Amino acid sequence: MSDTTARPTPYGARGADSTGGAGSTGSTALGLDSISKSFGGLHVLSSVTFDVPEATVFGIAGPNGAGKTTLLNLLTGFGTFSGGRMTIHGQDATGKDARAISALGVARTFQNIRLFRGLTVREQVEAGTYRHRKASLLSSLAVSPTDRRDRQETRAAAEEVLEFVGLADQADRLAETMSYGDQRRIEIARALATRPTLLMLDEPTAGMNDADWLPIAELLDRLRSDGMTVVVVEHNMRLLERSCDRVAVIAAGEVIAEDEPYTCLRRPEVRRAYFGK
């Protein structure tokens, strides 16, 4: 299990007090108003509406095929809405592509692990810092003072993030040799290296046993305490109950329930969506 000792905050999270979800600033990090998505005549999402307060962990649950990953793709610019409006930190983000969404402070991970083969753990995380490099391609090729400074800052930022997620002592290992759970944490670390204020995770504990997913849950706790807003798509009900402030359940492309986790996940309509009559 990961070390829970307090670590520095190496990303762009907005400030919040140390009381977890209760320490939310009261502002809305992500606002969705009647989001819909259709592919031809197939309606995948319909009138999805909810708000995610800053400095909270917000869960999105639902049975397979409910539209959860499609929604996450839309929120991060990997697709276009058929209708509705989205705001990020109060700014209209409707219709923006992935690059523009990233510039608003959003980072994400994917359902399937997407690490770069042949790179060490540190190099994987350094890849996430390159959006913030100042040196031009020419100065990088010439190894200019700006490039040398960038390289030093990149390494320092990567080491800071790895310390935060509890992988600093594994920095020089090839990422593909790490355990499945650690590879998930590497992906989260790489996303954090982009300095987001809003982090979106697509099933970060899929296929994990308790020994693997509990460190992820502890990481979510620390992120929230340090002011990060996290949206997590998950099937792991125990993680949702343990770490989320609120949960929205989607079935057949619609939000059928939204509440604090324990109450939300036990509503009759949620049980019917998962288990039928």
Side-chain angles (χ1 to χ4, degrees), residues 13-35 45-63 66-76 84-90 93 105-109 188 191 196-206 213-214 216-274:
R14 295 167 181 235
D17 64 33
S18 59
T19 57
S24 169
T25 63
S27 299
T28 299
L30 174 68
L32 304 183
D33 183 9
S34 301
I35 299 299
L45 296 170
S46 178
S47 298
V48 173
T49 300
F50 56 75
D51 290 336
V52 179
E54 289 185 355
T56 62
V57 178
F58 190 96
I60 299 175
K68 303 182 300 297
T69 293
T70 297
L71 177 62
L72 198 66
N73 287 339
L74 294 178
L75 303 186
T76 52
R85 181 172 180 268
M86 174 173 73
T87 61
I88 296 174
H89 300 307
V106 177
R108 71 166 293 179
T109 63
I188 294 173
T197 54
L198 175 57
L199 179 64
M200 300 193 188
L201 307 177
D202 194 355
E203 297 196 27
T205 71
W213 74 256
L214 282 172
I216 301 291
E218 292 166 359
L219 179 56
L220 295 180
D221 295 343
R222 293 201 303 275
L223 288 169
R224 173 179 50 208
S225 294
D226 288 339
M228 176 69 71
T229 306
V230 183
V231 174
V232 55
V233 171
E234 258 301 341
H235 282 292
N236 186 337
M237 298 299 178
R238 288 182 294 171
L239 178 135
L240 292 172
E241 288 192 3
R242 182 196 183 282
S243 296
C244 291
D245 300 286
R246 292 186 71 80
V247 173
V249 178
I250 296 177
E254 299 182 350
V255 176
I256 61 170
E258 182 194 344
D259 207 330
E260 59 85 21
Y262 186 88
T263 300
C264 185
L265 297 175
R266 285 163 176 76
R267 287 187 175 181
E269 61 269 34
V270 172
R271 296 182 64 84
R272 283 195 298 271
Y274 274 96

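Just so we're clear, the structure is a prediction, and the values are computed from it rather than from any experiment. Just the heavy atoms: all of them, side chains too, but no hydrogens, waters or symmetry mates, feed the values below.
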dist E254:CD -> S47:OG (nearest 0.5 Å) comes out at 7.0 Å
Could you list the residues that satisfy ring-ring contact (aromatic ring centres under 6.0 Å, His included) with Y274, not counting sequence neighbours?
none
Taking only residues two or more places apart in sequence, or in another chain, which ones meet R271 in a salt bridge (charged side-chain N to carboxylate O under 4.0 Å, His left out)?
none
Separation of T76 OG1 from L71 CG (nearest 0.5 Å):
9.0 Å
Taking D245 for the side chain and V57 for the main chain, is one N or O donor matched with an acceptor at less than 3.5 Å?
yes
Which heavy atom of L45 sits nearest a heavy atom of T70, and at what distance?
CD1-CG2, 4.1 Å
Using every non-hydrogen atom in the two residues, find where R108 and L199 come nearest and quote the distance to one decimal.
N-CD1, 4.5 Å
Salt bridge (charged side-chain N to carboxylate O under 4.0 Å, His left out) partners of D51, counting only residues at least two apart:
none
Using atom types as modelled and distance alone, determine if a side-chain donor or acceptor of R266 lies under 3.5 Å from a backbone N or O of Y262.
yes
Using modelled atom types and a 3.5 Å cut-off, is there a donor and acceptor pairing between side-chain atoms of T49 and backbone atoms of S34?
yes
Counterpart residues, side-chain hydrogen bond (donor to acceptor under 3.5 Å, both in side chains), relative to T109 (two or more places apart)
none
Using 0.5 Å steps for rounding, measure from the CD atom of E203 to the OG1 atom of T69.
6.0 Å
Mind checking what makes salt bridge (charged side-chain N to carboxylate O under 4.0 Å, His left out) contact with E258, not counting sequence neighbours?
R246
Gap separating the CG atom of L219 from the CD1 atom of I188, nearest 0.5 angstrom:
5.5 Å
Kindly compute the distance separating CG (D221) from CD1 (I216), expressed to the nearest 0.5 Å.
11.5 Å
Contacts of E260 meeting salt bridge (charged side-chain N to carboxylate O under 4.0 Å, His left out) (sequence neighbours excluded), chain-then-number -> none
Shortest non-hydrogen separation from V249 to G62 and the atoms involved:
CG1-CA, 4.2 Å
Charged N to carboxylate O below 4.0 Å: is that the case for D202 and K68?
no
Please report the closest heavy-atom contact between A248 and V255, naming both atoms and the distance.
CB-CG1, 4.4 Å
